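Here is the structure we will look at, set down as structure tokens.
Here is the naming used below: chain letters follow the sequence lines, and residue numbers restart at 1 for every chain. The shown structure was predicted, so the numbers you read here are calculated from the model rather than taken from an experiment.
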Amino acid sequence: MLSETPAGYFLYGLSMDENGQIFNAGLYYNEANIYIYELSEGNVLTQTRTIPKEDAEGELQLFSPTGVCAVKDSLFVAQAGKNCLSEFRIADGKLLRHHGERSLTDVGFSSPSDLAVHDDLMVIADRENNAVKMLRLPDLSFVGKIGKDLGERRAGLGEVTWPKGVDMNAEYIVVCDDELEKVVCKCLSVLFFNLLLQIDFQSYML
Amino acid sequence: MKVNLASTDLSKIPSTYWAQAFEGIRSEIRQRSYMVDQALRDPEESMDLVPPLVAELKAKYNALLDYVVELEQTSIANLAAQDGKGVPIVGDVQLVIGDVDKSTLPEGVLNAPVGREYYNPVCVKIVGEDLLVVDRENHLIDIYGIKDGSWKRSIGGTADVSFQSPTYALEVKGKLFVSDLNNGRLKVIDYE
């Protein structure tokens with residue numbers, strides 16, 4: 001063991017930004033914080049600041065945040081309690097936007113639990129919608145999903161039933177899935193149709 | 001290079017490619033307008049409504065089909081290694097980690113049995129060629145080879161490193177950060 005923080009909240013999602021700041025979602029019943037740490041010489045974890053549950057005006061901005069992902073100057077937070085994805089500015093912790101709301105639709109969420117980003121694509125474990133959603137940054141437009149029918153717990157290789165964790169790189173999407181009382185971690189290949197965006201459609205139709 | 005739909009053997013194309021591809025196209029259409037969505041369902045009759053868009057969409061279908069056919073002859077790895085941008089299509093499941101009935105798995109899908117009951121695993125992470133699974137209530141982090149599903153080792157449950165309901169792991173430059181929920185601590189260990 002190299003280092004550990006003092007005991008505190010129940011801790012969930014982790015991410016690190018380009019400057020080496022570590023973000024950790026913490027919650028305890030009705031309380032929630034995003035803790036921000038730096039790992040200094042000697043592997044000492046030092047908490048530098050937090051993004052609190054409420055903003056300066058007392059507005060609730062965090063409710064059961066479980067997944068965090070730093071992307072350039074922003075921190076994206078999957079909020080299982082608020083059923084949305086939230087973006088905060090890392091520099092000052094200011095809330096920039098909430099994206100989505102609770103709904104059984106491609107653009108809505110129901111207890112989003114985890115998220116990951118590769119390049120300009122984001123995958124989200126939309127747990128209670130029984131799907132993994134894929135969005136494109138920076139506008140968070142819907143690209144596609146794994147899981148045929150939202151809200152339906154279907155078994156099968158091409159389905160996800162209760163996705164809790166997700167990650168992605170250039171080759172794979174991996175999903176930690178509770179599949180009808182049996183838990184499996186699936187690894188799905190990802191194909192990038194790179195050339196589609198570069199096709200001149202008129203000239204292609206010879 | 002227009003693809004002749006009638007002469008292409010569509011059965012050779014995995015259905016999951018199509019489902020995802022068309023879902024992406026439908027999503028794009030929905031964003032443009034409901035009318036165009038209708039046009040796609042019946043392009044021939046709706047050509048007079050939105051001719052330019054319909055023409056583009058028909059071309060896109062053909063371009064997509066052509067590309068999928070090409071994919072069948074192309075290494076997935078090589079394709080994915082291009083620049084990572086473009087329209088992502090989620091392919092078939094490659095690996096299932098967990099104790100499942102192997103007879104239900106299609107040919108070619110790897111299975112890595114765990115040898116114990118998973119107990120609320122909540123996090124998966126890709127670390128190079130490794131796949132980490134955080135098995136929360138077994139207080140362990142399992143490491144598998146992502147290419148072949150081979151079990152490599154588990155972290156936790158020793159005098160040196162132990163967890164109480166770990167929920168998340170993050171590897172950065174040889175260090176593994178772990179959210180250790182019931183200890184209320186963020187731990188840092190060496191990831192070798």
Side-chain angles (χ1 to χ4, degrees), chain A residues 1-16 22 24 37 39 43 45 106 114 118-121 134 141-146 157-158 164-167 169-176 182-197 199 201 204-206, chain B residues 1-2 16 20 23-24 27 31 56 59-60 62-64 67 71 76-77 79-98 100 106 109 118 121-126 131 133 146 160-161 167-168 170 172 175 177 179-181 183-190:
Chain A
M1 189 81 65
L2 293 177
S3 176
E4 64 181 30
T5 61
Y9 280 20
F10 293 157
L11 302 177
Y12 288 89
L14 279 163
S15 186
M16 180 181 280
I22 301 150
N24 192 194
Y37 296 94
L39 187 66
N43 294 309
L45 272 169
D106 288 344
D114 193 17
H118 170 71
D119 204 38
D120 64 345
L121 291 172
M134 184 179 285
S141 57
F142 177 77
V143 175
K145 64 177 181 287
I146 303 169
L157 280 182
K164 294 174 179 172
V166 67
D167 199 10
N169 67 8
E171 285 183 80
Y172 299 105
I173 294 173
V174 289
V175 182
C176 190
K182 190 173 284 291
V183 177
V184 296
C185 295
K186 296 176 178 177
C187 177
L188 305 104
S189 59
V190 182
L191 314 176
F192 288 91
F193 280 71
N194 298 348
L195 301 180
L196 269 183
L197 296 184
I199 289 172
F201 290 107
Y204 201 82
M205 293 279 287
L206 297 178
Chain B
M1 196 173 133
K2 184 178 177 183
T16 46
Q20 292 290 330
E23 182 58 38
S27 170
Q31 288 172 10
E56 179 186 328
K60 214 167 188 177
N62 281 327
L64 180 65
Y67 209 68
L71 264 182
I76 291 172
L79 185 71
Q82 287 181 15
D83 65 7
K85 292 185 176 178
V87 179
I89 306 295
V90 177
D92 293 330
V93 171
Q94 309 272 301
L95 167 67
V96 176
I97 296 175
V100 297
V109 176
Y118 266 149
V122 288
C123 170
V124 281
K125 279 287 157 191
I126 303 168
L131 180 62
V133 180
I146 196 168
D160 290 338
V161 180
T167 58
Y168 212 89
L170 172 73
V172 181
K175 293 184 176 64
F177 297 78
S179 289
D180 196 13
L181 181 129
N183 274 326
R185 290 185 164 96
L186 176 58
K187 293 182 173 177
V188 189
I189 59 179
D190 274 326

Part of B:Asp190 within contact of chain A (heavy atom distance under 4.5 Å) | both

Portion of B:Val122 that has a non-hydrogen atom of chain A nearer than 4.5 angstrom | both

Identify the heavy atoms of B:Thr167 and A:Tyr12 that sit nearest to each other, and give their distance.
-> OG1-CA, 3.4 Å

Can you find a side-chain donor-acceptor pair between B:Tyr168 and A:Asp114 that sits under 3.5 Å?
-> yes

Please name the pair of heavy atoms, one in A:Cys176 and one in B:Pro121, separated by the smallest distance, quoted to 0.1 Å.
-> SG-O, 3.3 Å

Shortest non-hydrogen contact from A:Met16 to B:Leu170?
-> N-CD2, 3.9 Å

Which portion of A:Leu45 sits near chain B, non-hydrogen atoms under 4.5 angstrom | side chain

Heavy atoms only: give me the nearest A:Leu11-B:Leu186 pair and the separation to one decimal.
-> CD1-N, 3.5 Å

Segment of B:Val172 engaging chain A (4.5 angstrom heavy-atom cut-off) = side chain

Can you tell me how far CD1 of B:Ile189 sits from CG of A:Asn43, rounded to the nearest 0.5 angstrom?
-> 12.0 Å

With sequence neighbours left out, what residues match A:Phe10 under ring pair (Phe, Tyr, Trp, His ring centres under 6.0 Å)?
-> A:Tyr28

List the atom of A:Tyr172, the atom of B:Ile146, and the distance in Å for their closest heavy-atom pair.
-> CD1-CD1, 3.5 Å

Under 4.5 Å from a heavy atom of chain B, the part of A:Val166 involved = backbone

Which value, rounded to the nearest 0.5 Å, describes the distance between A:Ile173 atom CD1 and B:Gln94 atom CD?
-> 11.5 Å

Chain A interface, residue from B:Ile126, B:Val161, B:Val96, B:Val109 that has the most non-hydrogen pairs under 4.5 Å = B:Ile126

Can you name the residues that form a salt bridge (Lys or Arg N to Asp or Glu O under 4.0 Å) with A:Lys186, not counting sequence neighbours?
-> A:Asp177, A:Glu179

